S.K.: 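If you scroll down you'll find the structure; I have some questions about it.
Note that this is a predicted model, so its numbers are computed, not measured.
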Amino acid sequence: MSLDPWRLRLLTHLADRGTVRAVAADLSMSPSAVSQQLAVLEREARAALLDRHGRRLSLTPAGLRLVDHARDILDRIEIAERDLAGRGEAPVGPVRVAAFPSALAAFVIPALSGLAASHPGLEPVTVEAEPDESVPALLRGECDLAVVADVGAAPPRGPQVVTVPLGTDRLVTVVAEPAPAPADLAALAGAPWVLDAPRTYLSELVLGLCRQSGFEPRVVARYRSHGLMLQQVEAGAAVTVLPALAVETRYRVRSTALEPAVRRSISAVVRSGTAPRPAVAVTLAALAAAPSTAAGFDRGPDREAAASRPPGRTVGGTGAPASDGRGAITRRGSTPHR
């Protein structure tokens, strides 16, 4: 048996994306070429990896087991390549971080800027991505670390990833200065509202909270940009609810945490299996320490202690305790967090 690493990566893409057409679009291939390469992989593996239902493919139990092995194999190949390139123990080379917009602005970009200054050989690369995009990209090997957010309880992400808690923020009401922002949503029932784009996570959450408070908000504007939402509020044309991390101090607005509290858990996610390479480990440590200065971010006593104590039994020796997703750190659904 001789398994081609490129075809193994193709199989992991199929496991993550679900359809041959989606894999083909991601890799700029034709669907027929993807199917042909998967058929070659089956011959290499000498096992039935795929169930075929007309034009649809699904993974067999053997295919699912091979996907797990493939992720470990591909991680080991990456580690070997970097070691042979002279990057074995030093935090050097590119490290790709995918994060949602408010995290990028509040603490990811500042943390990575400081990290690049202290480790000249490190090459941080950031990309804006919602958690429903970044975690699959992490599993496909397209990024090294994902920063995600969860609201409420959700199932664990599973054994393929390790989750490192970074802290929490709360949802806040936002109004124009000089009026104080109320903690009770019902006090804003008669105001015009600006919301996130339709069917996004934040839009649906805020609509649900308003309805729980006994009113249907009068929506006068919808934007995908938090900056545009804050400009609308600053102009006195609307009120809104945003995560605290998204409320930038340059806007002349007032904000107050909702009561009862609605809290987001913000975490870093890395692939499980082998220990993260040094560049990923130092980046994870920097993110675990950096949020303490971000406005609206509560790292809490556990995160403060994690950032200050020596490395122990942690992910890559970062000093930040890992979680499998159970308890406070949960699996994210398929809706955006900005």
Side-chain angles (χ1 to χ4, degrees), residues 99-110 128-134 147-152 166-213 215-267 291 293-299 332-333 335-338:
F100 56 96
S102 57
L104 279 169
F107 65 88
V108 173
I109 291 174
E128 179 183 322
E130 301 295 349
D132 61 323
E133 303 165 333
S134 60
V147 177
V148 302
D150 302 295
V151 174
L166 297 178
T168 64
D169 72 347
R170 290 177 62 172
L171 293 191
V172 297
T173 59
V174 189
V175 304
E177 291 183 344
D184 183 4
L185 271 184
L188 300 174
W193 281 71
V194 57
L195 295 182
D196 207 340
R199 292 178 296 280
T200 58
Y201 165 79
L202 185 60
S203 173
E204 294 302 310
L205 177 60
V206 174
L207 284 173
L209 291 171
C210 290
R211 289 162 185 163
Q212 289 175 22
S213 296
F215 71 96
E216 187 72 22
R218 178 166 58 90
V219 180
V220 299
R222 286 184 178 271
Y223 304 115
R224 293 188 180 277
S225 163
H226 287 160
L228 289 175
M229 293 173 68
L230 289 165
Q231 286 183 43
Q232 185 96 7
V233 173
E234 183 182 47
V239 300
T240 195
V241 167
L242 286 172
L245 277 183
V247 183
E248 299 179 49
T249 55
R250 60 193 174 104
Y251 295 100
R252 296 186 300 276
V253 297
R254 297 279 184 88
S255 63
T256 297
L258 281 175
E259 293 293 347
V262 181
R263 194 177 297 276
R264 293 195 308 179
S265 296
I266 300 175
S267 312
T293 59
F297 197 98
D298 179 14
R299 194 164 60 173
R332 193 194 177 294
T335 46
H337 283 272
R338 289 192 180 88

S.K.: Does any non-hydrogen side-chain atom of P217 lie less than 4.5 Å from one of L207?
M.R.: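 When only atoms from C-beta onward are counted, P217 and L207 do touch, with a gap below 4.5 Å.
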S.K.: Closer than 3.5 angstrom, by distance alone: can the side chain of E133 be matched with the main-chain N or O of E130 as a donor-acceptor pair?
M.R.: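 The answer is yes, because a donor-acceptor pair under 3.5 Å joins these two groups.
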S.K.: Could you tell me the separation between the CG atom of L185 and the CZ atom of F215, rounded to the nearest 0.5 Å?
M.R.: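 So the gap between those two atoms works out to 5.0 Å.
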S.K.: Test side-chain contact (heavy atoms from CB on, under 4.5 Å) on V172 and V247 and set out the steps.
M.R.: CA-CA 9 Å; V172 297; V247 183; 3.8 Å; yes
S.K.: Could you tell me whether the side chain of T256 and the main chain of A181 form a donor-acceptor pair under 3.5 Å?
M.R.: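 Answer holds: yes.
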S.K.: Spell out, as yes or no, whether a donor-acceptor pair under 3.5 Å connects the side chain of W193 to the backbone of A221.
M.R.: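 No; judged by distance alone, with no hydrogens or angles, the pair does not exist.
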S.K.: Determine, for R199 against E204, whether the closest basic-nitrogen to carboxylate-oxygen distance falls under 4.0 angstrom.
M.R.: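 A salt bridge is absent here (no side-chain N lies under 4.0 Å from a carboxylate O).
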S.K.: Donor-acceptor pair, T173 side chain versus A183 backbone, under 3.5 Å?
M.R.: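 No.
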S.K.: Is there side-chain contact between V241 and V262, with at least one heavy-atom pair below 4.5 Å?
M.R.: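 Contact flag for V241/V262 side chains = no.
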S.K.: Measure from the side-chain N and O atoms of D169 to the backbone N and O of P243, and report whether any donor-acceptor pair falls under 3.5 Å.
M.R.: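 No; judged by distance alone, with no hydrogens or angles, the pair does not exist.
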S.K.: Side-chain contact, heavy-atom cut-off 4.5 Å: L228 with V194?
M.R.: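 Side-chain contact under 4.5 Å: no.
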S.K.: Any Lys/Arg nitrogen of R170 or E259 sitting under 4.0 Å from an Asp/Glu carboxylate oxygen of the other?
M.R.: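 Salt bridge between R170 and E259, a charged N being under 4.0 Å from a carboxylate O: yes.
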S.K.: Return the minimal non-hydrogen interatomic distance between A246 and L230, and the atom names on each side.
M.R.: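 Reported closest heavy-atom pair: O-CD1, 3.4 Å.
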S.K.: How long is the span from the CD atom in Q232 to the OG atom in S225, to the nearest 0.5 Å?
M.R.: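 So the CD of Q232 and the OG of S225 are separated by 11.5 Å.
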S.K.: Given 3.5 Å as the limit, does a donor-acceptor pair link the side chain of T200 with the main chain of D196, or not?
M.R.: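 No, the answer is negative, given that no donor and acceptor are paired below the 3.5 Å cut-off.
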S.K.: Can you tell whether the side chains of R252 and E177 come within less than 4.0 Å, N to carboxylate O?
M.R.: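 E177 and R252: not salt-bridged.
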S.K.: Within the structure provided, determine whether F100 and E128 are in side-chain contact (heavy-atom separation under 4.5 Å).
M.R.: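 They are not in contact (no side-chain heavy atoms under 4.5 Å apart), so the answer is no.
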S.K.: Taking side chain as C-beta onward, heavy atoms only, is V148 less than 4.5 Å from I266?
M.R.: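 No, their side chains stay 4.5 Å or more apart.
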S.K.: Which distance, rounded to the nearest 0.5 Å, do you find between the CG of L171 and the CG of L205?
M.R.: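 L171 CG to L205 CG: 5.5 Å, rounded to 0.5 Å.
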S.K.: Looking at every non-hydrogen atom in both residues, tell me the closest pair between Q231 and Y251 and how far apart they are.
M.R.: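 Looking at all heavy atoms of both residues, the closest pair is CG-CE2, 3.6 Å.
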S.K.: Measuring only between side-chain heavy atoms, which start at C-beta, is V220 closer than 4.5 Å to R218?
M.R.: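 With C-beta onward as the side chain, the pair touches.
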S.K.: Check whether any side-chain heavy atom of V239 lies under 4.5 Å from a side-chain heavy atom of V233, and answer yes or no.
M.R.: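 Of all side-chain heavy-atom pairs linking V233 with V239, none is under 4.5 Å.
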S.K.: Return the OG1 to CZ distance between T168 and R264, rounded to the nearest 0.5 Å.
M.R.: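 It is 10.0 Å, given to the nearest 0.5 Å.
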S.K.: Between R222 and S203, is any side-chain donor less than 3.5 angstrom from a side-chain acceptor?
M.R.: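 There is such a pair (donor and acceptor under 3.5 Å, judged by atom type) between the side chains of R222 and S203.
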S.K.: If we only count heavy atoms from C-beta on, is the H226 to T240 side-chain gap below 4.5 Å?
M.R.: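 They are not in side-chain contact.
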